[in-house]
Amino acid sequence: AHAAARAGVSPEVIFGQPQTGLMISRTVPEIETMSPLLFQSRIGSPARAGKALKKLHNSGEVFEFRFELFSMIDDYLKILSTKDVNLPEGYHDVVAAANPLKEVLAQANVSLAPCHCDPLCENFLDDGEVMWIVDWEYSGMNDPLWDVGDLSVEAGLNANQDAELMKAYFGRTPTDAEVGRMVIYKAMCDLLWTLWGLIQHADDNPAEDFWAYATGRFDRCKDLMQDDSFQNHVNAVRKG
């Protein structure tokens with residue numbers, strides 16, 4: 001949170017107590033806490049979010065943690081293998097189809113950047129001119145387009161809003177390879193949180209209906225990966 005404040009994308013931290021997790025930050029006046037509905041209805045909000053993410057990623061700050069997508073997927077799969085839980089139809093096919101994407105993304109040889117890594121809509125605060133970002137629990141060094149793809153999924157952005165987000169982020173029209181990476185991460189974030197949701201369901205977490213959460217995420221991931229255009233995006237990343 002201190003590093004994000006230095007980067008100019010998060011409010012100043014006034015007090016922090018690592019032992020308890022208590023943190024107090026400066027209030028940002030006259031903001032809206034974002035939601036999927038607000039991202040779709042507040043004019044210019046995808047662009048403001050894109051500019052905020054770009055500012056973070058280009059800040060030069062270094063987070064101590066490394067967000068390892070495929071290691072986390074492997075860890076969640078290992079945990080699930082020990083649980084007595086039903087799996088969504090087509091689960092094994094999608095997991096198998098995700099395996100080659102690790103190599104494709106590795107070949108892109110992207111420089112890591114300080115990333116939020118959990119860009120839920122509610123972690124964005126919009127004053128109509130600037131988007132602020134809060135809640136850095138999952139933050140770490142990562143491919144910056146993870147944040148862009150994950151935000152697109154969480155906000156339910158349509159193709160035009162994706163284009164607005166990406167153009168503001170890059171300051172130009174993105175390349176096919178850049179769009180491809182973003183789309184791959186849209187699928188992978190849904191797969192990651194599907195596995196997390198299945199673990200919560202198996203553990204009878206009462207916080208919400210995690211079966212509905214997991215299967216909804218999985219269906220969206222499966223639909224995207226089985227769409228005819230998905231392989232074109234993968235090929236674009238492979239070509240660079």
Side-chain angles (χ1 to χ4, degrees), residues 36 39 46 49-54 56-58 63 65-77 94-121 123-124 133 136 138-159 161-170 173-197 214 216-227 229-240:
F39 260 110
K51 290 176 181 177
L53 290 173
K54 178 181 180 179
L56 168 66
H57 297 159
N58 292 343
F63 292 158
F65 180 65
R66 166 74 167 97
F67 189 90
E68 294 271 9
L69 166 63
F70 290 98
S71 293
M72 293 175 70
I73 288 176
D74 288 343
D75 288 343
Y76 286 164
L77 288 171
V94 169
V95 170
N99 285 333
L101 299 179
K102 179 178 181 179
E103 182 179 352
V104 171
L105 291 168
Q107 288 176 347
N109 195 29
V110 174
S111 297
L112 302 182
C115 292
H116 187 279
C117 300
D118 188 29
L120 297 175
C121 297
N123 289 333
F124 288 79
I133 312 175
W136 300 90
Y138 284 91
S139 61
M141 303 302 288
N142 196 3
D143 181 336
L145 285 185
W146 168 271
D147 278 349
V148 180
D150 198 348
L151 173 61
S152 172
V153 166
E154 303 300 341
L157 301 184
N158 60 32
Q161 291 166 326
D162 273 350
E164 177 187 336
L165 171 66
M166 291 282 277
K167 187 170 184 178
Y169 179 81
F170 285 106
T173 301
T175 66
D176 290 344
E178 289 164 341
V179 173
R181 272 175 36 232
M182 189 271 278
V183 171
I184 289 174
Y185 285 131
K186 288 175 69 168
M188 291 301 94
C189 76
D190 265 339
L191 178 59
L192 179 68
W193 303 129
T194 290
L195 302 177
W196 177 85
R217 287 271 192 177
F218 180 76
D219 287 344
R220 185 167 56 192
C221 172
K222 182 172 63 173
D223 289 346
L224 177 55
M225 292 184 68
Q226 292 179 348
D227 189 277
S229 66
F230 188 77
Q231 190 58 48
N232 293 334
H233 289 301
V234 174
N235 291 338
V237 177
R238 187 179 283 115
K239 292 177 182 176

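Values in this document were obtained by computation on a predicted structure and should not be read as measured data.
- Side-chain contact check for V95 versus I73: every heavy-atom pair is 4.5 Å or farther apart.
- A distance of 10.5 Å separates CZ of F230 from CD of Q226, quoted to the nearest 0.5 Å.
- No side-chain donor-acceptor contact under 3.5 Å links D147 to the backbone of C115.
- Salt bridge K186/D162: present, at least one basic N to carboxylate O contact under 4.0 Å.
- Here the closest non-hydrogen pair linking C121 and F39 is SG-CD1, 3.7 Å.
- Around atom CG of D176, no more than 12 heavy atoms belonging to other residues, nucleotides or ligands sit under 6.0 Å away.
- At least one donor-acceptor pair closer than 3.5 Å links the side chain of N235 to the backbone N or O of Q231.
- With M182 as the fixed residue, the side-chain contact (heavy atoms from CB on, under 4.5 Å) test singles out one of V237, D150, L151, V148: V148.
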Practice problem: Start with the C-alpha distance between N142 and R66, add both sets of side-chain angles, then the distance that settles side chain to side chain contact (heavy atoms under 4.5 Å, CB included), and finish with yes or no. | Solution: CA-CA 7 Å; N142 196 3; R66 166 74 167 97; 4.0 Å; yes
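- The shortest side-chain heavy-atom distance between E154 and W193 falls under the 4.5 Å cut-off.
- Pairing each heavy atom of E178 with each of L145, the nearest pair is O-CD1, 3.3 Å.
- For the pair L165 and P46, the tightest heavy-atom approach, listed with the atom from each and the gap, is CD1-O, 3.3 Å.
- Taken from CZ in F63 to OG in S139, the straight-line distance is 5.0 Å, to the nearest 0.5 Å.
- Between P144 and Y169 there is a side-chain heavy-atom pair separated by less than 4.5 Å.
- Residues A236 and A177 share a closest heavy-atom pair of O-CB, 3.5 Å.
- By the salt bridge (Lys or Arg N to Asp or Glu O under 4.0 Å) test, D190 pairs with R217, R220, sequence neighbours left out.
- Between atom CG of residue L101 and atom CZ of residue R181 there is a gap of 13.5 Å, rounded to the nearest 0.5 Å.
- Atoms OH and CG, on Y185 and L69 in that order, are 7.0 Å from each other to the nearest 0.5 Å.
- Contact check for H57 versus H116: no side-chain heavy atoms found under the 4.5 Å cut-off.
- A98 approaches M188 most closely through the heavy-atom pair CB-CE, 3.8 Å.
- A distance-only check finds no donor-acceptor pair linking the side chain of E103 to the backbone of P100 [under 3.5 Å].
- Considering CD of E68 and CE of M141, their distance stands at 12.0 Å, rounded to 0.5 Å.
- Ring geometry for W146 against F67 counts as tilted: the plane angle lies between 30° and 60°, on a 0 to 90° scale.
- Residues H233 and L224 fail the side-chain proximity criterion, which asks for heavy atoms closer than 4.5 Å.
- The OG1 atom of T194 sits 10.5 Å away from the NZ atom of K222 when rounded to the nearest 0.5 Å.
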